[in-house]
Amino acid sequence: MQELLELQTGQVAFLSGLLAGFSLTVAANILQVESVRPIRTVCLVLLLLATLLFLIALYVDVRLTIEVATLQSISAETEQVIINTRFIGTASATLALLVFTVAIGLLGWLAGPVAGIISSILAIGTLVVLVYIWNMVSLIV
């Protein structure tokens with residue numbers, strides 16, 4: 001179980017770090033847009049929120065990996081603490097992914113109405129798929 005936990009936390013940590021960087025990069029690029037439209041501010045705030053949520057997930061998973069690597073065995077009590085802590089990291093990563101998707105959907109509106117409509121439709125479709133997958137995975141547990 002310990003090896004599986006380390007593998008899972010490593011994968012989530014890698015993806016969270018990568019997506020945090022993407023979110024922050026896009027947010028920094030939005031700051032370069034010469035516009036005072038409210039949609040710019042909404043996109044910026046959503047991308048910053050996604051970045052911070054990805055960083056929480058990254059911290060949880062890296063810290064768990066470090067701590068679990070030193071354990072020789074895991075008691076039932078420790079396993080429950082790990083499960084609860086991973087839930088925080090996983091929930092943060094999931095919420096960050098949803099917020100990031102919404103921000104991407106709104107970004108098209110900075111380019112114009114046609115791009116806004118297309119990006120919004122694509123983002124809604126992606127959100128539907130993400131929620132469907134989340135529900136399917138929730139049935140496993």
Item checked: Test side-chain contact (heavy atoms from CB on, under 4.5 Å) applied to Ser120 and Trp109, step by step -> CA-CA 8 Å; Ser120 293; Trp109 291 98; 2.8 Å; yes
Notebook entry, point to check: CD1/Ile83 to OG1/Thr78 distance, rounded to the nearest 0.5 angstrom?
Noted result: 11.0 Å
Note to self: Tell me which pairs pass salt bridge (charged side-chain N to carboxylate O under 4.0 Å, His left out) where either residue lies in residues 66-78, with sequence neighbours left out.
What the structure shows: Arg63-Glu67
Next item on the list: Any chance you could measure Ser119, atom OG, to Leu110, atom CG, to the nearest 0.5 Å?
Entry: 9.0 Å
Next item on the list: For side-chain contact (heavy atoms from CB on, under 4.5 Å), just list the numbers for Leu58 and Phe14, CA-CA rounded to whole Å, side-chain angles, deciding distance to a tenth of an Å, and then say yes or no.
Entry: CA-CA 8 Å; Leu58 175 64; Phe14 172 75; over 6 Å; no
Next item on the list: Work out which heavy atom in Leu48 is nearest to a heavy atom in Leu24; give both atom names and the distance.
Entry: CD2-CD1, 4.1 Å
Note to self: Check for me, please, whether Val128 and Ile118 land in the same ILVMFWY cluster - side-chain distances under 4.5 Å, paths through other members count.
What the structure shows: no
Note to self: Please tell me whether Ile39 and Val114 are part of a single hydrophobic cluster in this structure, the criterion being side-chain heavy atoms less than 4.5 Å apart.
What the structure shows: no
Side-chain atoms of residues 87-105: list all donor-acceptor pairs with protein atoms under 3.5 Å, sequence neighbours left out, distances to 0.1 Å.
residue	atom	partner	partner atom	Å
Thr90	OG1	Arg86	O	2.9
Ser92	OG	Ile88	O	2.9
Thr94	OG1	Thr90	O	2.8
Thr101	OG1	Leu97	O	2.8

Notebook entry, point to check: Would a hydrophobic clustering, with Ile, Leu, Val, Met, Phe, Trp and Tyr connected at side-chain separations under 4.5 Å, put Leu53 with Val131?
Noted result: no
Notebook entry, point to check: Going from CD1 on Ile133 to OG on Ser138, what distance comes out if it is rounded to the nearest 0.5 angstrom?
Noted result: 11.5 Å
Notebook entry, point to check: What distance separates Leu44 CG from Leu107 CG, expressed to the nearest 0.5 Å?
Noted result: 10.0 Å
Notebook entry, point to check: Any donor-acceptor pair under 3.5 Å linking the side chain of Ser16 with the backbone of Leu55?
Noted result: no
Notebook entry, point to check: Are Val36 and Leu31 connected, step by step, through hydrophobic side chains (Ile, Leu, Val, Met, Phe, Trp, Tyr) whose heavy atoms are closer than 4.5 Å?
Noted result: no
Next item on the list: Report the C-alpha distance between Leu106 and Arg40 in whole Å, list the side-chain angles of each, state the deciding distance to 0.1 Å, and finish with yes or no for side-chain contact (heavy atoms from CB on, under 4.5 Å).
Entry: CA-CA 9 Å; Leu106 294 176; Arg40 176 184 174 263; over 6 Å; no
Checklist line | Derivation of the side-chain contact (heavy atoms from CB on, under 4.5 Å) call for Ile30 and Thr41 | finding: CA-CA 9 Å; Ile30 288 176; Thr41 304; over 6 Å; no
Checklist line | Which atom of Thr25 lies closest to which atom of Gly21, heavy atoms considered | finding: OG1-O, 2.7 Å
Note to self: Please say yes or no: joined through hydrophobic side-chain contacts below 4.5 Å, possibly via intermediate residues, are Leu130 and Leu19 part of one cluster?
What the structure shows: yes
Notebook entry, point to check: Which distance, rounded to the nearest 0.5 Å, do you find between the CG of Leu47 and the CZ of Phe54?
Noted result: 10.0 Å
